[in-house]
Amino acid sequence: MSHRLATKIEAILYLKGQPLSLSEIAEYAGCDRSEVKEALIELINDYAHRDSALEVVETPEGYSLQLRSTFHNLMQNLIPPELGVGALRTLAAIALKGPLSQTELVDLRGSGAYQQVQELVELGYVRKRRQSDSRSYWLQVTDKFYQYFQLEELPKVLEQPAQK
């Protein structure tokens with residue numbers, strides 16, 4: 001019974017993807033807190049003796065199934081950092097209206113767009129080219145944008161005529 005409960009708790013922690021209190025785990029598992037505590041100890045020991053990239057840890061927010069800290073560098077390389085809502089909106093504007101000038105983008109999105117464009121360029125989602133006839137830049141999304149968002153191309157309905 002105990003091993004099955006430990007396995008069930010492992011599934012709960014995996015599926016929820018966030019720290020859970022003993023009470024929350026007990027509620028999801030349909031058992032009492034003392035049974036959960038016992039099964040959690042078993043699960044923690046199990047992971048401690050297993051050659052696994054994952055571990056079960058107790059955090060101030062509750063118990064969590066997470067990637068071992070030795071793999072955080074790998075995670076940084078494989079998963080792009082979360083973009084804020086503003087940066088995502090700016091990226092969407094560039095994707096839908098691009099190529100467009102940085103001046104047009106700032107008119108559309110406000111002065112915060114300067115910092116967001118810098119972040120998007122650093123992350124490799126946006127390419128910035130100096131305009132030959134002014135001090136502004138042309139902005140457009142890169143191949144990395146299409147790969148990350150798993151798009152072959154933007155739907156034809158959304159395409160704007162390219163500006164030269």
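Heavy-atom basis, side chains included; hydrogens, waters and symmetry copies ignored.
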Going from [atom1] on [X] to [atom2] on [Y], what distance comes out if it is rounded to the nearest 0.5 angstrom?
| X | Y | atom1 | atom2 | value |
| --- | --- | --- | --- | --- |
| Leu123 | Gln118 | CG | CD | 10.0 Å |
| Leu40 | Ile9 | CG | CD1 | 4.5 Å |
| Arg68 | Leu54 | CZ | CG | 8.0 Å |
| Lys16 | Ser64 | NZ | OG | 13.0 Å |
| Leu139 | Leu120 | CG | CG | 9.5 Å |
| Phe71 | Ser52 | CZ | OG | 8.0 Å |

Using the test side chain to side chain donor-acceptor pair (under 3.5 Å), find all partners of [X] that sit at least two apart in sequence or belong to another chain.
| X | value |
| --- | --- |
| Arg135 | none |
| Glu10 | Tyr47 |
| Asp32 | Ser34 |
| Thr70 | none |

Between [X] and [Y], what is the shortest heavy-atom contact and its length?
| X | Y | answer |
| --- | --- | --- |
| Ser101 | Glu104 | N-OE1, 2.8 Å |
| Glu61 | Pro19 | CB-CB, 3.7 Å |
| Leu105 | Ala93 | CD1-CB, 3.9 Å |
| Leu5 | Ala29 | CD1-CB, 4.0 Å |
| Ala95 | Phe145 | CB-CZ, 3.6 Å |

### Query
How about Asp51: does its CG atom have over 12 heavy atoms from other parts shown lying under 6.0 Å from it?
no
### Task
For atom CD of Gln18, decide whether the heavy atoms of other residues, nucleotides or ligands shown that lie under 6.0 angstrom number more than 12.
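Count over threshold, so yes.
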Determine, using the 4.5 Å side-chain heavy-atom cutoff (strictly less than), whether [X] and [Y] are members of one ILVMFWY cluster.
| X | Y | value |
| --- | --- | --- |
| Tyr28 | Leu22 | yes |
| Leu88 | Ile94 | yes |
| Leu65 | Leu67 | yes |
| Val85 | Leu108 | no |

### Message
Any donor-acceptor pair under 3.5 Å linking the side-chain atoms of Gln140 with those of Arg129?
### Response
yes
### Query
Is the closest side-chain donor-acceptor distance between Ser136 and Thr103 under 3.5 Å?
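Result is yes, a qualifying pair exists.
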### Query
Can you check side-chain contact (heavy atoms from CB on, under 4.5 Å) on Tyr125 and Gln147, steps first, answer last?
CA-CA 10 Å; Tyr125 294 121; Gln147 290 165 353; over 6 Å; no
### Query
Below 4.5 Å, heavy atoms only, C-beta onward: do Asp46 and Val56 meet side chain to side chain?
no
### Task
Any salt bridge (Lys or Arg N to Asp or Glu O under 4.0 Å) involving residues 107-120? Give me the pairs, sequence neighbours left out, ordered by first then second residue.
none
### The single option from Arg130, Gln131, Gln102 passing side-chain hydrogen bond (donor to acceptor under 3.5 Å, both in side chains) against Tyr137
Arg130
#### Entry: Result of checking Ile25, Ile12, Leu20 against Val36 for side-chain contact (heavy atoms from CB on, under 4.5 Å)
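Between Val36 and the candidates, side-chain contact (heavy atoms from CB on, under 4.5 Å) is satisfied uniquely by Ile25.
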### Task
Would you please test Lys37 and Tyr63 for side-chain contact (heavy atoms from CB on, under 4.5 Å) and show each step?
CA-CA 10 Å; Lys37 193 145 182 87; Tyr63 291 88; 3.6 Å; yes
### Message
Quick check against the 3.5 Å criterion: does Arg33 have a side-chain atom that pairs as donor or acceptor with the backbone of Ala26?
### Response
no
### Query
If you link I, L, V, M, F, W and Y whenever their side-chain heavy atoms are under 4.5 Å apart, who else ends up in the same group as Val106?
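Grouped by the 4.5 Å side-chain rule, Tyr114 form the rest of the cluster around Val106.
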